S.K.: 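Here it is, the structure in full.
In this text the structure is predicted, and so the values were computed from the model without any measurement.
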Amino acid sequence: LSLFVCGCGLFVAVTERYQGRSRFSREPFVIEGPDAIIVGIGLFLLGLTPLCLWAKSPAAAATWAGIFMVAGVILMLLP
């Protein structure tokens, strides 16, 4: 799952196009250009979050997950 989300994030950042569905309409939701790069990086960081399972201590795992989850959500909300 982590590799898939990281791959999707890299794909969005490289192609500079994010297409999804909006909750409020049936039309596709499209982000292009620099905003799509920011969303792609956010997806990539969210994909790195599950890697905290291999941390040596619970404190390191919480730090890893907290940093990448917060950074990913902030980047996804920026555009």
S.K.: Roughly how far apart are L43 CG and F11 CZ, rounded to 0.5 Å?
M.R.: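 These two atoms lie 12.0 Å from each other.
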
S.K.: Just how far is it from atom CG of L45 to atom CD1 of I74, taken to the nearest 0.5 Å?
M.R.: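 Going from the CG atom of L45 to the CD1 atom of I74 covers 10.5 Å.
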
S.K.: Let's go through F44 and L10 carefully: what are the C-alpha distance in whole Å and the side-chain angles of both, what is the deciding distance for side chain to side chain contact (heavy atoms under 4.5 Å, CB included) to 0.1 Å, and is it a yes or a no?
M.R.: CA-CA 6 Å; F44 182 78; L10 288 177; 3.9 Å; yes

S.K.: If the test is side chain to side chain contact (heavy atoms under 4.5 Å, CB included), which one of V12, V39, I37 qualifies with I31?
M.R.: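 That would be V39.
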
S.K.: Using a 6.0 Å cut-off, check whether atom CG of L3 has over 12 heavy atoms from anything other than its own residue.
M.R.: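 Counting other residues, nucleotides and ligands, CG of L3 stays at 12 neighbours or fewer.
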
S.K.: Between S2 and G47, is there a donor-acceptor pair closer than 3.5 Å when you use the side chain of the first and the backbone of the second?
M.R.: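 Checking the backbone N and O of G47 against the side chain of S2, a donor-acceptor pair under 3.5 Å is found.
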
S.K.: Group every Ile, Leu, Val, Met, Phe, Trp and Tyr by side-chain heavy-atom contacts under 4.5 Å, then state whether L75 and V14 land in the same group.
M.R.: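 They do not share one cluster, since no chain of ILVMFWY contacts under 4.5 Å joins L75 to V14.
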
S.K.: In this structure, would I38 and V70 fall into the same cluster of hydrophobic residues linked by side-chain contacts under 4.5 Å?
M.R.: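 I38 and V70: separate clusters.
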
S.K.: Could you check whether any side-chain N or O of W64 sits under 3.5 Å from a backbone N or O of L48, counting only pairs where one atom can act as donor and the other as acceptor?
M.R.: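 Yes, the answer is positive, given that a donor and an acceptor are paired below the 3.5 Å cut-off.
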
S.K.: From F68 CZ over to L46 CG, what is the distance, rounded to the nearest 0.5 angstrom?
M.R.: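 Atom-to-atom, F68:CZ and L46:CG are 10.5 Å apart.
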
S.K.: Is Y18 reachable from V5 through a run of I, L, V, M, F, W or Y residues, each pair having side-chain heavy atoms under 4.5 Å apart?
M.R.: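 Looking at the clustering, Y18 is in the same group as V5.
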
S.K.: Please determine whether the number of non-hydrogen atoms from other residues, nucleotides or ligands lying under 6.0 Å from atom CE of M76 exceeds 12.
M.R.: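 Atom CE in M76 is packed in, count exceeds 12.
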
